[in-house]
Amino acid sequence: MGDEIRRNMALFSIGTVIKLTELTARQIRYYEAHGLVQPARTEGNQRLFSFNDVDRLLIIKSYLEKGLNMAGIKEMLGLEAPVTMDDKMVAPVAKGIRKDMTDRELRQLLKQQIMMSKPGSSTSLISGELSRFFIN
DNA sequence: GTTCTTACA
DNA sequence: TGTAAGAA
């Protein structure tokens, strides 16, 4: 499972994560303080989020939108819940993924797809299924 | 310019 | 959660 490292490779700054998840820095740091995500740190103490961290934050966001509070989310994260992804989003993302893509390209593709999603349907498309496309 | 921590509204 | 301060 060499892809495990790919998904856990820390390369997103909090600024990038903010754009990717639409969460505020306050929320992201708060969730970290509560152990919902464990981003790595640079020598300068800057947070570095992995793909799994971003994925986790998106799941958290979906739960938040369902009305769950911190306590509820903490419990849910331990049980994990199935999340459906619209084919409308799966197709373009899956189609654009290449085995030889650089992380830079991967990030760009992901960002584009996320930005293309409608603010209303928010994260239902990304959620827990996102990392699936990086296991191939 | 961005991010970090702490602390208060 | 938002935001301000002061430092890195």
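Order of the sequence lines fixes the chain letters, A, B, ..., with proteins taken first and strands second; residue numbering starts at 1 for each chain.
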> Whole Å only: how far is the CD atom of A:Glu22 from the C1' atom of C:dT1?
Replying inline: 17 Å
> Base, sugar-phosphate, or nothing for A:Arg47, non-hydrogen atoms under 4.0 angstrom?
Replying inline: sugar-phosphate
> Would A:Phe12 and A:Asp53 satisfy side-chain contact (heavy atoms from CB on, under 4.5 Å), going step by step from the backbone distance to the final call?
Replying inline: CA-CA 9 Å; A:Phe12 300 113; A:Asp53 290 324; over 6 Å; no
Protein N or O to nucleotides 3-7 of chain C N or O, pairs below 3.5 Å:
| from | atom 1 | to | atom 2 | distance (Å) |
| --- | --- | --- | --- | --- |
| C:dT3 | O4 | A:Arg26 | NE | 3.3 |

>> For chain A and DNA chain B, what are the first and last nucleotides along the strand, 5' to 3', with at least one atom under 4.0 angstrom from a heavy atom of the protein chain?
In response: B:dT3 to B:dT5
> Taking only residues at least two apart or on different chains, which pairs with a member in residues 31-40 of chain A satisfy salt bridge (Lys or Arg N to Asp or Glu O under 4.0 Å)?
Replying inline: A:Glu32-A:Arg41, A:Glu32-A:Arg47
> What are the two closest heavy atoms between A:Thr21 and A:Lys61, and how far apart are they?
Replying inline: O-NZ, 3.1 Å
> Would you find a donor on one side and an acceptor on the other, under 3.5 Å apart, between the side chain of A:Glu65 and the backbone of A:Ser62?
Replying inline: no
> For A:Leu48, which residues count as a side-chain contact (heavy atoms from CB on, under 4.5 Å) partner, sequence neighbours excluded?
Replying inline: A:Ala10, A:Ala40, A:Thr42
> So which of residues 37-45 of chain A are in contact with DNA chain B, with a heavy-atom cut-off of under 4.0 Å?
Replying inline: A:Arg41, A:Asn45
>> Given 3.5 Å as the limit, does a donor-acceptor pair link the side chain of A:Asp55 with the main chain of A:Asn52, or not?
In response: no
>> I'd like to know if the side chain of A:Gln46 reaches the main chain of A:Glu43, judged simply by a donor and an acceptor atom lying under 3.5 Å from each other, with no hydrogens or angles considered.
In response: no
>> Please give me the minimum heavy-atom distance between A:Ile18 and A:Leu23, naming the atom from each residue.
In response: CG2-O, 3.4 Å
> Do A:Phe49 and A:Ile28 pass the side-chain contact (heavy atoms from CB on, under 4.5 Å) test, and can you show the C-alpha distance, the side-chain angles, and the key distance before you say yes or no?
Replying inline: CA-CA 10 Å; A:Phe49 299 79; A:Ile28 295 170; 3.4 Å; yes
> Which distance, rounded to the nearest 0.5 Å, do you find between the OH of A:Tyr31 and the CZ of A:Arg56?
Replying inline: 13.5 Å
